[in-house]
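Only one structure is covered here, and it is reproduced in the block below.
Quantities reported herein were computed from a predicted structural model and do not represent experimental measurements.
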2 protein chains.
Amino acid sequence: MKILLHPDKADIHLSSVLYALSDPVRLSIISEVRKAGECTCGNIEVPVVKSTLSHHARTLREAGVVKVRVQGTQRFLSLRTDDLEERFPGLLASVLDAYDTSDEKITLSHLE
Amino acid sequence: MKILLHPDKADIHLSSVLYALSDPVRLSIISEVRKAGECTCGNIEVPVVKSTLSHHARTLREAGVVKVRVQGTQRFLSLRTDDLEERFPGLLASVLDAYDTSDEKITLSHLE
DNA sequence: TTAATAGTTCGATTGTTGTCGAACAATAGA
DNA sequence: TCTATTGTTCGACAACAATCGAACTATTAA
């Protein structure tokens with residue numbers, strides 16, 4: 001089984017996290033992950049093909065935003081809430097709250 | 001005199017703001033602006049030439065992060081603290097606090 | 001063993017970004 | 001009017017990123 005690299009908490013960098021969060025598709029992903037607590041790539045509804053989704057999941061993982069747990073053929077994503085809170089207090093919550101109350105949310109209707 | 005375009009408060013978008021904040025040079029700029037309250041491009045110490053600095057200032061302005069006030073040949077930058085707080089409560093403060101307590105700060109020593 | 005499922009990786013394409021230097025514009029001061 | 005000073009714009013370049021489809025890997029189920 002392949003090892004998925006996650007940065008240590010101390011190696012999570014502000015600019016990388018902000019960059020990872022600056023893409024509408026990735027904002028949508030982490031918003032869904034927060035709601036579900038944990039979810040597989042297949043359960044995330046975003047208007048991109050799965051190779052693109054995989055790329056975004058990797059970006060989020062490598063930036064330290066999400067943790068990916070492997071179980072069988074599935075990968076469960078969850079937010080690194082505690083690590084992020086410790087490194088950047090309040091940041092993740094303010095981003096997620098802002099996203100959920102914004103009109104920037106993307107949905108499958110973007111495919112039409 | 002040229003008119004500098006600033007987005008209306010309602011047109012400030014989360015992903016654009018996060019993107020604008022995801023560059024180390026731009027983080028350094030807004031950190032200096034916060035400390036000074038208002039400052040000109042010339043007073044900002046970043047390890048880039050002035051055309052690059054001008055480009056970053058424009059990115060921050062167009063994202064809605066800073067306001068630029070023209071006085072003579074100088075442009076005074078200030079943070080759009082109130083607008084950002086209203087749109088994305090807590091976001092700017094958490095980013096600036098995280099930056100100032102991080103070890104990611106860039107200085108002129110990066111030129112050496 | 002075969003087939004289905006869940007994701008990843010790769011190559012290609014298209015577009016964006018950060019950077020610089022040179023040229024330009026606008027203002028202030030002598 | 002001449003000359004600094006301050007900053008913008010432009011062109012070029014190299015690096016990077018978002019996207020897709022196709023091929024691939026790994027696991028589970030039949």
B/R75 CZ to D/dT5 C1': how many Å, rounded?
13 Å
Between the side chain of B/H6 and the main-chain N/O of B/V68, is any donor-acceptor distance below 3.5 Å?
yes
Rounded to whole Å, CD1 of B/I29 lies from P of C/dG18 at a distance of 11 Å
Can you tell which of C/dG18, C/dT5, D/dG7 lies closest to the side chain of A/T73?
C/dT5
Of A/S22 and B/Q74, the one whose closest DNA chain D nucleotide lies more 5':
B/Q74
Look at the side chain of B/S102 and the backbone N and O of B/Y99, then say whether any donor-acceptor pair between them is shorter than 3.5 Å.
yes
Rounded distance in Å - CZ (B/R69) to P (D/dT6)
16 Å
I'd like to check the side-chain contact (heavy atoms from CB on, under 4.5 Å) partners of B/E38; sequence neighbours left out, ordered by chain and number.
B/R69, B/F76, B/S78
Between OG1 on residue A/T59 and OH on residue A/Y19, distance to nearest 0.5 Å:
7.5 Å
So which protein N/O to nucleotides 21-23 of chain D N/O distances come out below 3.5 Å?
| unit_1 | atom_1 | unit_2 | atom_2 | d |
| --- | --- | --- | --- | --- |
| D/dG21 | N7 | A/S51 | OG | 3.4 |
| D/dG21 | O6 | A/S51 | OG | 3.0 |

Base, sugar-phosphate or nothing for A/Y19? Non-hydrogen atoms, less than 4.0 Å.
sugar-phosphate
Can you name the closest pair of heavy atoms from B/A20 and B/A63 and give their distance?
CB-CB, 3.7 Å
Strand-adjacent residues in residues 54-63 of chain A, judged by heavy atoms under 4.0 Å from DNA chain C
A/S54, A/R58
Could I get the full list of side-chain contact (heavy atoms from CB on, under 4.5 Å) partners for B/N43, not counting sequence neighbours?
B/C39, B/T40
Less than 3.5 Å apart, which donor and acceptor atoms pair up between the side chains of residues 83-93 of chain A and the rest of the protein, not counting sequence neighbours?
| unit_1 | atom_1 | unit_2 | atom_2 | d |
| --- | --- | --- | --- | --- |
| A/D83 | OD2 | A/R80 | NE | 3.1 |
| A/D83 | OD2 | A/R80 | NH2 | 2.9 |
| A/E85 | OE1 | A/G90 | N | 3.1 |
| A/E85 | OE2 | A/G90 | N | 3.4 |
| A/E86 | OE1 | A/K9 | NZ | 3.3 |
| A/E86 | OE2 | A/K9 | NZ | 2.6 |
| A/R87 | NE | A/K9 | O | 3.0 |
| A/R87 | NE | A/I12 | O | 3.4 |
| A/R87 | NH2 | A/I12 | O | 2.6 |

Are the side chain of A/E32 and the backbone N or O of A/E45 linked by a donor-acceptor pair below 3.5 Å?
yes
In whole Å, I'd like the distance from the CZ atom of B/R26 to the P atom of C/dT19.
8 Å
Whole angstrom value for the distance that separates P of C/dT19 from CD1 of B/I106
8 Å
From C-beta outward on B/C41, which listed nucleotide comes closest to its side chain: D/dT8, C/dG18, C/dG7?
D/dT8
Rounding to an integer number of Å, can you tell me how far B/L5 CG sits from D/dT9 P?
10 Å
Whole-Å gap separating P (D/dT8) and CG (B/L53)
8 Å
Results of side-chain contact (heavy atoms from CB on, under 4.5 Å) for B/E62 - residues two or more places apart only:
B/R58
In whole angstroms, how far is the C1' atom of C/dT17 from the CG atom of B/L18?
17 Å
